[in-house]
Amino acid sequence: MITKVLLPEDENCIGKAAAVIKSGGLLAIPTETVYGLGADALNADAVKRIFEVKGRQQDNPLIIHVASAQDIEKYCKEIPDTAYRLADRFWPGPLTIILKKRENIPDVVSAGLKTVAVRCPESEITREIIKAACVPIAAPSANISGKPSPTTAKHVLSDLGEKIEAVVDGGRCRVGLESTIIDLTVSPPRLLRPGGITPEEIKAVIGEIEIDPAVLRAVDGGIPKAPGMKYRHYAPKAKLVIVRGETKKAAEYINSHTAERTAVLCFSGEEKYFISPVVIAYGHERNDKELGENLFASLRDLDRDDIDIIYARCPEGEGVSLAVKNRLQKAADYNVVDV
Ligand code: TXA
Ligand code: MG
């Protein structure tokens with residue numbers, strides 16, 4: 001199959017993209033977080049293909065993407081007031097809410113759960129496609145399961161080219177990390193995955209929330225509430241080790257462990273301290289948004305056959321740093337060295 005690349009400025013891009021969804025095909029869609037691998041959320045057969053093409057575990061439910069907050073009533077029930085307050089403040093945007101699902105959402109979407117994850121993405125072209133298709137779009141990140149999520153159409157084509165009908169190239173993703181997920185079916189609401197919307201911002205709208213323990217440490221035994229959070233994720237081929245501590249001490253440690261096939265993922269401004277032949281800076285230590293935007297693209301750049309081990313610097317702060325740290329720790333399988 002040849003994967004068509006649709007550009008927003010192409011004649012009838014929205015119509016062509018919506019036709020792929022309506023005919024039960026797979027369409028990669030741009031969003032402000034990462035590219036999604038979309039199918040008609042109401043068509044169980046189309047959604048099954050998402051799992052096949054990605055190599056995704058069947059027990060890992062999908063997010064449905066809607067064009068506006070008004071649509072949540074069509075697919076969810078017993079909606080608490082907090083859902084409307086969050087949607088009002090953060091949609092369209094990088095926040096996913098979990099609600100009780102209605103019968104029209106097929107079990108394959110929710111992996112058999114009684115709840116469903118819903119998000120209204122910022123990308124206008126994607127919202128127009130959802131409207132034109134007249135159905136919600138179920139979409140996980142458009143990568144092969146386990147790989148870093150795609151933040152450009154090129155990343156999508158490198159993982160899924162020839163396996164899907166089309167990709168809409170909406171340019172680089174602004175946030176670069178998957179959406180924040182909050183479960184509103186429990187009390188207090190529980191943050192299952194950190195992202196571009198921070199816990200502080202959510203608390204300011206709905207008050208106290210809990211952070212799922214799986215957000216910042218490995219869960220063995222304890223089952224994370226977002227099934228997807230238990231798999232190794234976001235990882236390049238090489239082994240990843242986080243080195244925590246002050247720059248010069250980290251450099252001393254990393255340099256003494258550096259060999260030909262070693263690479264470093266560091267903060268901007270630190271590059272000069274490392275002797276490794278491959279050093280990539282992904283942003284300034286205190287600029288959490290910049291780190292988030294570049295993290296996955298940098299991990300993809302380091303996904304090379306000639307690199308066996310990557311030493312990575314990881315931010316410790318709050319805000320979006322929490323999401324960057326969550327993704328890096330998972331990619332490193334919680335392998336952290338303190339210096
Ligand atoms: O930013 C995003 O959220 C992107 C774009 C495409 O919207 N999508 C995305 O989807 O990251 P995915 O499939 O890679 O991650 C969805 C996460 C998984 O960890 C999954 O287990 C969790 O959401 N999830 C989905 N439905 C859920 C539910 N009903 N209850 C708990 N967790 C759920
Ligand atoms: Mg994913």
Side-chain angles (χ1 to χ4, degrees), residues 26-39 41 47 50-51 53-66 75-76 90-102 105-123 126-127 129-130 136-151 155-156 159-160 167-168 170 173-186 189-197 212 214-215 219 223-235 292 296 323 326-327 330-331:
L26 297 184
L27 174 78
I29 46 173
T31 87
E32 76 283 19
T33 58
V34 300
Y35 276 74
L37 175 57
V47 173
I50 293 181
F51 286 84
V53 159
K54 263 187 75 99
R56 184 178 176 100
Q57 303 278 346
Q58 297 285 343
D59 69 349
N60 193 2
L62 306 179
I63 297 172
I64 65 167
H65 297 73
V66 295
Y75 312 111
C76 305
F90 299 114
W91 280 5
L95 179 72
T96 295
I97 58 183
I98 294 184
L99 295 167
K100 287 207 181 133
K101 81 172 190 79
R102 283 191 188 276
I105 298 296
D107 276 344
V108 56
V109 170
S110 59
L113 298 174
K114 292 191 166 17
T115 56
V116 66
V118 193
R119 177 164 107 82
C120 176
E122 199 174 273
S123 159
T126 292
R127 279 184 282 125
I129 293 166
I130 298 168
I137 295 186
S141 49
N143 51 294
I144 295 291
S145 282
K147 292 247 162 231
S149 297
T151 54
H155 296 161
V156 175
D159 277 18
L160 303 175
V167 53
V168 177
C173 302
R174 174 180 76 76
V175 178
L177 298 169
E178 304 86 348
S179 59
T180 303
I181 302 181
I182 183 125
D183 185 351
L184 296 179
T185 67
V186 292
R190 185 175 271 231
L191 186 103
L192 304 184
R193 181 173 72 182
I197 305 293
D212 194 87
V215 165
V219 278
I223 298 164
K225 288 284 168 52
M229 299 302 272
K230 70 175 177 269
Y231 299 112
R232 185 175 185 227
H233 250 144
Y234 319 121
F296 287 141
N326 166 269
R327 305 307 192 276
K330 282 188 199 302

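Ligands are counted one by one from 1 in listed order, and the atoms in each one are counted from 1 as well.
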Looking at N143, is its backbone amide N or carbonyl O close enough to the side chain of S141 to form a donor-acceptor pair, meaning the two atoms are under 3.5 Å apart? no
Using a 3.5 Å distance criterion without hydrogens, assess whether the side chain of R56 forms a donor-acceptor pair with backbone atoms of P61. yes
Shortest reach to atom 8 (N) of ligand 1 by a heavy atom, considering only G36, A111, P94, A139: A139
Note: K114, heavy atoms under 4.0 Å from ligand 1, region reported as neither
For C173, is there any backbone N or O sitting under 3.5 Å from a side-chain donor or acceptor partner on Y35? no
Check: N60 N/O within less than 3.5 Å of ligand 1 N/O: yes
Looking only at side chains, do T33 and S179 share a donor and an acceptor under 3.5 Å apart? no
Counting heavy atoms only, which part of D183 comes closer than 4.0 Å to ligand 1: side chain, backbone, both or neither? neither
Could you say whether the N/O atoms of R119 and ligand 1 ever approach to under 3.5 Å? yes
Nearest neighbour of atom 15 (O) of ligand 1 from the list E178, K101, R193, E32, on a heavy-atom basis: R193
Short N or O distance, K54 and ligand 1, threshold 3.5 Å exclusive: no
Please work out whether any backbone atom (N, CA, C, O) or any side-chain heavy atom from C-beta onward of T115 is under 4.0 Å from ligand 1, and answer side chain, backbone, both or neither. both
Do side-chain atoms of D183 reach the backbone of R190 as a donor and acceptor pair under 3.5 angstrom? no
Heteroatom N/O/S of S141 within less than 2.8 Å of the Mg ion (ligand 2): yes
Are the side chains of W91 and I97 in contact, using a 4.5 Å heavy-atom criterion? yes
Any salt bridge between E32 and R119, counting N to O under 4.0 Å? yes
